[in-house]
Amino acid sequence: MTRIYLVRHCQALGNVSKRFQGQTDGDITDIGRHQLECLEARFKGVHVDKIYSSPLKRAYLTAEAIGRGCGVSEVIVDNGLIEINGGNLENHTVDEMNEIDPEQTKNWFSTFHLFSPAGGESTAHVYHRMYDTVSRLAEENDGKVIAIASHGCAIRCLMCAIKGLPIEKIYDNVGWVDNTGVCIIEYERGKYNIVCENDTSHYDERLLSERKPMWFTAADGE
């Protein structure tokens, strides 16, 4: 069996500027740095054999914080863990997205499984990419404990697949993981078991940057 700590990156500038971050490699915020301190403390004394990360800075810094906590110095970058490519909607606000492609913007907020921006990546592709990547890492580390730092959409798609749900069921059945939220998953012989999901007990509620992505709420008028 492989035990997996799946962690979403800390708060990044795109989370607070209400932009579609995607693969835009922006910096983290002061709250994000505080979240990483809490995450590091959480992993003190936790046995982890290997740490994997998306190549994007916000995830890599998160992986490094995990490593400082559990005493693992090497972070292995795997491009299969990267966030969705937003294509022509990348790094734009909701208003700008609506101007560029109102249909795909609507898909992102109401028919998530149909989101497929021009020049980018569909959520359906992320669903399969993340499942294949994490399953490969789990197979390669049978009998070990690994930690993975990834992203909001990527993790949401993965959790949908792990739960055995088709991508069409994601919007109503799989929520977002908060920044530095931890999911613990077990993998054995091609099957997954979710031990916990979106655990943020390592820090105060005031450090929760989002119950829904902050820029997401702009479309809801909340």
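In this structure the side chain of Cys157 reaches within 4.5 angstrom of the side chain of Ile170, judged on heavy atoms. Looking only at side-chain heavy atoms (C-beta outward), Ile185 and Asn193 stay at 4.5 Å or farther from each other.
A single hydrophobic cluster is not seen to contain both Tyr171 and Leu114; linkage of ILVMFWY side chains at heavy-atom distances under 4.5 Å, directly or through other members, places them apart.
Ser150 contributes no side-chain N or O that, together with a main-chain N or O of Arg8, makes up a donor-acceptor pair within less than 3.5 Å. A distance-only check finds no donor-acceptor pair linking the side chain of Tyr192 to the backbone of Met159 [under 3.5 Å]. Between the Ser54 side chain and the Leu56 main chain, a donor and an acceptor come within less than 3.5 Å of each other. Not a single donor-acceptor pair under 3.5 Å links the side chain of Arg3 to the backbone N or O of Ile184. Not one N or O on the side chain of Thr200 forms a donor-acceptor pair closer than 3.5 Å with the backbone of Gly181.
The stretch residues 43-65 participates, sequence neighbours left out, in these salt bridge (Lys or Arg N to Asp or Glu O under 4.0 Å) pairs: Asp27-Lys57, Glu40-Lys44. Note on residues 94-116: pairs passing salt bridge (Lys or Arg N to Asp or Glu O under 4.0 Å), not counting sequence neighbours, are Arg19-Glu96. Listed by first and then second residue, the salt bridge (Lys or Arg N to Asp or Glu O under 4.0 Å) pairs involving residues 163-172 are Lys163-Glu197 (not counting sequence neighbours). Applying the ring pair (Phe, Tyr, Trp, His ring centres under 6.0 Å) rule to pairs touching residues 140-163 yields His9-His151, sequence neighbours excluded. Applying the salt bridge (Lys or Arg N to Asp or Glu O under 4.0 Å) definition to pairs two or more places apart or across chains, those involving residues 72-89 are Asp78-Arg136.
In this structure Gln23 satisfies the side chain to side chain donor-acceptor pair (under 3.5 Å) test with no other residue, sequence neighbours excluded. The ring-ring contact (aromatic ring centres under 6.0 Å, His included) check on Tyr52 picks up nothing, with sequence neighbours excluded. The side chain to side chain donor-acceptor pair (under 3.5 Å) check on Thr111 picks up Asn107, with sequence neighbours excluded. With sequence neighbours left out, Ala124 forms a side chain to side chain contact (heavy atoms under 4.5 Å, CB included) with Ser122. The side chain to side chain contact (heavy atoms under 4.5 Å, CB included) test applied to Thr29 returns Gln11, Leu13, Val16, Ile31, not counting sequence neighbours. Partners of Glu139 according to the side chain to side chain donor-acceptor pair (under 3.5 Å) rule, which considers only residues two or more places apart in sequence or in another chain, are Tyr187.
Taking the six-membered ring for Trp, Phe109 and Phe20 have ring centres at least 6.0 Å apart.
When every heavy atom of Tyr60 is checked against every heavy atom of Val77, the shortest pair comes out as CE1-CG2, 3.7 Å.
With no hydrogens or angles considered, no side-chain donor-acceptor pair links Glu121 and Asn85 at under 3.5 Å. No side-chain donor-acceptor contact under 3.5 Å links Thr180 and Gln35.
Under a 4.5 Å side-chain heavy-atom cut-off, the cluster of Ile, Leu, Val, Met, Phe, Trp and Tyr residues that includes Met1 has no other member.
Under the 30°/60° scheme for interplanar angles, the aromatic rings of Trp176 and Trp108 are found to be tilted.
A cation-pi contact, defined as under 6.0 Å to the ring centre and within 45° of the axis, is absent between Arg42 and Tyr203.
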